[in-house]
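This is a predicted model, so every value here is computed, not measured.
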Amino acid sequence: MAGKRVLIVYAHQEPKSMNGSLKDAAVTELSRQGCQVTVSDLYAMNFEPRATKNDIVGALSNPKSFNYAVETYEAYKKQSLSSDVVEEQKKLQEADLVIFQFPLYWYSVPAILKGWIDRVLCQGFAYEIPKYFKNGFFQNKSALLSFTTAGTAEMYFKKEYAGDIRYILWPLQHGVLHFCGFKVLTPQINYAPERASEDKRKEMVTSWSRRLETIWDEKPIDCSLSWYFE
Ligand SMILES: Cc1cc2nc3c(=O)[nH]c(=O)nc-3n(C[C@H](O)[C@H](O)[C@H](O)COP(=O)(O)OP(=O)(O)OC[C@H]3O[C@@H](n4cnc5c(N)ncnc54)[C@H](O)[C@@H]3O)c2cc1C
């Protein structure tokens with residue numbers, strides 16, 4: 001799939017981590033295919049996760065009472081968002097596929113990645129009212145969550161104490177990705193690498209590379225309530 005553009009939004013502090021290896025494997029395989037791969041390595045970039053007034057350059061629309069959503073929407077339209085946000089929006093705008101690579105933190109993404117979501121996916125750029133879900137802006141893009149856990153696959157079942165992994169996926173895949181119109185691909189979940197043998201961990205990395213060989217042929221998941229909760 002030469003010429004396709006991929007953005008990997010990567011959130012792990014340690015390059016030698018399992019997440020680091022999975023990110024490297026994706027860069028290697030997708031580059032081998034001739035894709036243009038860009039990595040936003042959030043910790044290495046010291047990415048600012050806080051949604052603050054600093055995200056607006058110049059005068060605020062209403063300096064008396066700050067409303068982040070309103071101000072960033074206005075700033076997007078006036079092209080006065082802060083340069084780090086604009087840079088990420090540009091990378092995302094150019095991408096055909098976005099891969100989020102992260103360790104699961106408290107049933108969600110690490111704060112630095114949550115900050116990327118909060119700040120980059122602003123109104124006007126990622127969605128409009130009422131242009132969201134099936135009318136979302138990113139209908140020509142695919143997105144995929146690739147993450148690791150401490151809990152084993154057996155724990156993440158409906159009747160087990162961690163609950164069905166799909167419950168966790170709902171806010172991210174539905175509330176963020178599907179909301180913005182992305183075609184959501186099946187998540188790549190590597191359970192409990194810390195408990196796994198060296199061979200098993202190597203197999204996790206190899207399977208991810210193998211999956212990426214045919215990633216462009218994959219169909220998106222059915223983003224319906226029943227996919228998550230039935
Ligand atoms: C704040 C916080 C909240 C958390 N919340 C949750 C939660 O809600 N649910 C949950 O399940 N877990 C949770 N966790 C655990 C977390 O998700 C796991 O610790 C994390 O996913 C493990 O991934 P890692 O990349 O950090 O693993 P690592 O510890 O980096 O990797 C495991 C091992 O793999 C080795 N390795 C790296 N690359 C390779 C390779 N190519 N081949 C073979 N071995 C390799 C590493 O050297 C290491 O020994 C939480 C952790 C924190 C800190």
| said: Does Y191 form a side-chain contact (heavy atoms from CB on, under 4.5 Å) with E154? I'd like the steps, not just the answer. | reply: CA-CA 9 Å; Y191 292 100; E154 294 73 31; over 6 Å; no
Testing the 3.5 Å rule here: is there a donor-acceptor pair between the side chains of [X] and [Y]?
X    : Y    : answer
D84  : S82  : yes
Q93  : Q89  : no
Q173 : W227 : no
Q101 : S146 : yes
D222 : S224 : yes
N19  : T148 : yes
S207 : E203 : yes

Looking only at heavy atoms, which two atoms of [X] and [Y] are closest? And how far apart?
X    : Y    : value
A59  : K78  : O-NZ, 4.0 Å
F47  : G115 : CE2-C, 4.0 Å
K91  : T38  : CD-CG2, 3.8 Å
I112 : A11  : CG2-CB, 3.9 Å
W208 : L144 : CH2-CD2, 3.8 Å

| query | By the rule that ILVMFWY residues connect when side-chain heavy atoms come within less than 4.5 angstrom, directly or transitively, which residues belong alongside W106? | reply | none
| query | Apart from V70 itself, which Ile, Leu, Val, Met, Phe, Trp or Tyr residues share its cluster (side-chain heavy atoms under 4.5 Å, direct or through members)? | reply |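 Hydrophobic cluster check, V70: no partners found.
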| Is there any salt bridge (charged side-chain N to carboxylate O under 4.0 Å, His left out) pair reaching into residues 92-115, and which pairs are they, with sequence neighbours excluded? | R5-E94, K90-E94, K114-D118
| request: Check P110, S21, P103 against H12 for a side chain to side chain contact (heavy atoms under 4.5 Å, CB included) and give me the one that passes. | output: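 Among the candidates, only P103 passes.
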| Which residue, I8, L185, L7, forms the side chain to side chain contact (heavy atoms under 4.5 Å, CB included) with L97? |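 Considering I8, L185, L7, a side chain to side chain contact (heavy atoms under 4.5 Å, CB included) with L97 is found only for L185.
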Treat each ILVMFWY residue as a node, draw an edge where side-chain heavy atoms are under 4.5 Å apart, and state whether [X] and [Y] are in one component.
X    : Y    : value
L42  : L172 : yes
V184 : I215 : no
Y107 : I165 : yes
F157 : M155 : no
V98  : F125 : yes

| field | Working for side chain to side chain donor-acceptor pair (under 3.5 Å), residues E218 and T186 | value | CA-CA 9 Å; E218 287 192 17; T186 304; 4.8 Å; no
Is [X] atom [atom1] crowded by more than 12 heavy atoms from other residues, nucleotides or ligands, each under 6.0 Å away?
X    : atom1 : value
K202 : NZ    : no
E14  : CD    : yes
K200 : NZ    : no

Quick one: [atom1] on [X] to [atom2] on [Y], what's the gap to the nearest 0.5 Å?
X    : Y    : atom1 : atom2 : result
T149 : E194 : OG1   : CD    : 8.5 Å
K141 : K183 : NZ    : NZ    : 10.0 Å
L22  : Q188 : CG    : CD    : 7.5 Å
I117 : E88  : CD1   : CD    : 12.5 Å
K16  : D24  : NZ    : CG    : 11.5 Å

| task | For R32 and E29, run salt bridge (charged side-chain N to carboxylate O under 4.0 Å, His left out): C-alpha distance rounded to whole Å, both residues' side-chain angles, the deciding distance at 0.1 Å, then the answer. | result | CA-CA 5 Å; R32 187 195 65 74; E29 170 52 29; 2.8 Å; yes
What I'd like to find out is whether the side chain of [X] reaches to under 4.5 Å of the side chain of [Y], using heavy atoms alone.
X    : Y    : answer
Y156 : I168 : yes
V109 : W116 : no
L92  : F138 : yes
C35  : W216 : yes
C180 : L121 : yes

| Partner residues of F179 under the ring-ring contact (aromatic ring centres under 6.0 Å, His included) criterion, sequence neighbours left out | Y127, Y132, F133
| Got a sec, which residues hit ring-ring contact (aromatic ring centres under 6.0 Å, His included) with Y228, two or more places apart in sequence or on another chain? |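 Partners of Y228 under the ring-ring contact (aromatic ring centres under 6.0 Å, His included) test: W170.
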Exam field: side chain [X] to backbone [Y], donor-acceptor pair closer than 3.5 Å:
X    : Y    : value
E160 : A162 : no
R166 : F229 : no
S17  : G20  : yes
E230 : L225 : no

| message | I'd like to know if R201 and E198 make a salt bridge, using a cut-off of under 4.0 Å between side-chain N and carboxylate O. | response | yes
| request: Would you check, one step at a time, whether the test side-chain contact (heavy atoms from CB on, under 4.5 Å) holds for Q123 with K77? | output: CA-CA 9 Å; Q123 185 174 354; K77 288 187 284 189; over 6 Å; no
| message | Could you walk me through whether L145 and I99 satisfy the side-chain contact (heavy atoms from CB on, under 4.5 Å) test, starting with their C-alpha distance in whole Å, then the side-chain angles of each, then the deciding distance to 0.1 Å, before giving a yes or no? | response | CA-CA 6 Å; L145 302 179; I99 297 172; over 6 Å; no
| query | After noting the C-alpha distance and the side-chain angles of E128 and Y73, does the key distance pass the side chain to side chain donor-acceptor pair (under 3.5 Å) rule? | reply | CA-CA 10 Å; E128 260 298 358; Y73 182 35; 2.5 Å; yes
| message | Taking the ring of F102 and the ring of Y10, is the distance between their centroids below 6.0 Å? | response |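 When the ring centroids of Y10 and F102 are compared, they turn out to be at least 6.0 Å apart.
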| field | Listed partners of Y68 passing side-chain contact (heavy atoms from CB on, under 4.5 Å), at least two apart | value |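 Partners of Y68 by the side-chain contact (heavy atoms from CB on, under 4.5 Å) criterion, ordered by chain and then number, come out as A51, D55, F66, T72, R119.
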| said: As a quick check of understanding, evaluate side-chain contact (heavy atoms from CB on, under 4.5 Å) for K53 and E71, giving each step before the final call. | reply: CA-CA 8 Å; K53 286 179 187 171; E71 292 292 350; over 6 Å; no
